[in-house]
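Every number for a ligand or one of its atoms is a count from 1 in the order of the listing. No experiment lies behind these values; they were computed from the predicted model shown.
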Amino acid sequence: MPGKIAGRCRHRGTRTSTGNLRVRVRGSPAGGKTAAGGGFPRLSVCLGGLKPALKGNRRCGQNQRRARLNATWSEDWRRELRNRLKTVEALSRILELTPEELLALRQGTPVPVAITPYYASLIRSSAPDYPLRRAVVPHCRELESSPEEVSDPLGEQQHAPLPDVIHTYSDRLLLLVTDRCAVYCRFCTRRRLFTRKRPRGIDWWPRVLAYLRDHREIREVILSGGDPLMLDDSVLRRLLRDLRSVPHVEILRLHTRIPAVLPSRVTPALAELLREYQPLWLIHHTVHPDELTPRFAAACSILADHGIPMGNQTVLLKDINDEPETMLRLMNGLVRLRVKPYYLHQCDLAPGTSHFRTPVETGIRLIRRMYGRTGSLAVPLFVIDPPGGGGKVPLMPDYVVSRKDGAWYLTNYEGRLTVYCEAGTTRSLPDPAGAR
Ligand code: SF4
């Protein structure tokens, strides 16, 4: 433990003049508790102020941690799942946990903790604010809720004719086929799944199929969760086969984060299986360009070479991917891997996620920056899922300045004013300056 350092550390705790760490805890008495004061006796102290002196030791520690991590890597995805890091002890072996992370881990968060050794290996920096670390390692801010947050931010329960069956849009049916994930994302919208008590019953699947057969307007079925690729191939095959047996189901869609967090799950056998049930779209969920590793690329190649069309959804996350360069690298990288960027989501109002949310304007600005700097193929649609349901609302930068007598005054991606005249416009072009 370092000596006496007074003042505020880089994280959310403050140090007392005696060097103890004070961390504010929601619901704790004013002033919080101190590490040495009996509140959290095993809480370690942030090393930010001692960085230069400890640099050599830290690098040595990092190498040791990496060696321990390498020992748990596996190309066998089931083994990799068994070796996931879930506890303070397991995470401490590979990361120097901050007091805020320790607090969240010790108190317990609504979203479980599990990180595959593969994904942990991508956390290359020991910095607590390294984007991939923030995406998967809990932080005590998850324990705080803000007034605008709700447990079911998409209002899915209002459109659930059966448990885990969401029928928001008449022609699409969303099935939450599992509540398990390979890695649990700290910004997860469906965190309510992880705390529910009642199982959905062994007759769930026959009831889903009966509902589907009764609703001939449904032409697309989306498998989500949790992560549907957590299911074994045999279970997945049964689900897909049953869905394909319903004549009016035209398209299947499978949403997954697994290729980004457990790429060994994507085997030629899995791709063969998916190919049997075409047309089937696979939608990746990625959040940062550092997830586009050679192993992720290999997984995409297997899928694309088997003819599986792919898209991607990304949640806009503060200090993870809200910089234009980061977003461009992610979207351009996906297109190179034959994955079409599909949606960029404004972060939903799930409890304990306010530290991940950006202003809505950030997303609009990002999209404006992307047009003109990359091809439209790489630009996703920015959407908000408003609370209470009702479906996604697309948000676009506003390029229309005004319109008059068939003349449209527009700004291009550089902000330059242009005029477009519709057919049949006989009058001469108005002065663009006059249109403002
Ligand atoms: S993989 Fe999806 S469902 Fe699972 S924790 Fe992450 S965001 Fe939530």
Practice problem: Could you list the residues that satisfy side chain to side chain contact (heavy atoms under 4.5 Å, CB included) with R369, not counting sequence neighbours? | Solution: P324, R373
Quiz item: Which ligand 1 atoms does G226 reach within 4.0 Å, using its non-hydrogen atoms?
Solution: 3 (S)
Practice problem: Could you tell me whether a side-chain N or O of Q157 sits under 3.5 Å from a main-chain N or O of D152, the two making a donor and an acceptor? | Solution: no
Practice problem: For H306, check ring-ring contact (aromatic ring centres under 6.0 Å, His included) against everything at least two apart and list the hits. | Solution: none
Practice problem: State whether any protein heavy atom lies less than 4.0 Å from atom 2 (Fe) of ligand 1. | Solution: no
Quiz item: Between the side chains of R191 and T195, is a donor N or O closer than 3.5 angstrom to an acceptor N or O?
Solution: no
Quiz item: How about T374 and N332: does a side-chain donor come under 3.5 Å of a side-chain acceptor?
Solution: yes
Quiz prompt | Polar contact flag, side-chain donor to acceptor under 3.5 angstrom, D164-W204 | solution = no
Quiz item: How would you list all residue pairs meeting salt bridge (Lys or Arg N to Asp or Glu O under 4.0 Å) that involve residues 300-321, not counting sequence neighbours?
Solution: D305-R338
Self-check item: Distance filter under 2.8 Å, centred on atom 6 (Fe) of ligand 1 - protein N, O or S atoms that pass it
Solution: C185 SG
